[in-house]
Amino acid sequence: MNTTVATIVIAGSLLLALASLITAIRDRTMGMILLVSFAVLEVAILVQAGLVIAAVAGGQEAAGGAATLFGYLAGVALIPVAGVGLALAERSRWGPAILVVAGFAVAVMTGRLLQIWQGAG
């Protein structure tokens, strides 16, 4: 697993969570900037998933088990999509609040992916 891509995903998701929190506190709905930013985050997550799948196909093994690794990969890829979908449905300040949770969850799950890959937990 590429730690550089994982670090980019973690930092980006935490920045998006902060931007979403500010938007929610200001009582605004989700704007196009947050929507596009979460789409870019999703692309970074898919790149990370592709690199992990290529590494596993190339013979590397996750220390924490392949089933757990692929479960986390699938889960982390679904979170931004589900969060944006729910935020678009909720056109009040709670839409961006959903994105706060989604951004934080992506950061935590990506950190856990690193632990699974390295066998530290």
What heavy-atom pair brings [X] and [Y] nearest, and what distance separates the two atoms?
X   : Y    : result
A24 : A97  : CB-N, 4.0 Å
I79 : A102 : CG2-O, 3.6 Å
I10 : G111 : CD1-N, 3.9 Å
A19 : L34  : CB-CD2, 4.2 Å
I98 : E90  : CD1-CB, 4.4 Å
S37 : L16  : CB-CD2, 3.2 Å

Test of understanding: clusters of I, L, V, M, F, W, Y form through side-chain heavy atoms closer than 4.5 Å, transitively. Do [X] and [Y] belong to the same one?
X   : Y    : value
I53 : I45  : yes
L35 : V106 : yes
F70 : I116 : yes

Check step by step if side-chain contact (heavy atoms from CB on, under 4.5 Å) holds for L113 and M109. CA-CA 6 Å; L113 269 170; M109 287 184 74; 5.9 Å; no
Should the heavy atoms of other residues, nucleotides or ligands under 6.0 Å from CZ of R26 be counted, would the total exceed 12?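 12 or below, so no.
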Are the side chains of V56 and W117 in contact, using a 4.5 Å heavy-atom criterion?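 They are in contact (side-chain heavy atoms under 4.5 Å apart), so the answer is yes.
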For the residue pair M30 and T23, establish whether any side-chain heavy-atom pair is separated by less than 4.5 Å.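 Contact flag for M30/T23 side chains = no.
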Of V52, L46, T110, which is the lone residue that meets side-chain contact (heavy atoms from CB on, under 4.5 Å) with L73?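 Exactly one pass, corresponding to V52.
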Quick check for you: to the nearest 0.5 Å, what is the distance between F38 atom CZ and I33 atom CD1?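 That separation rounds to 13.5 Å.
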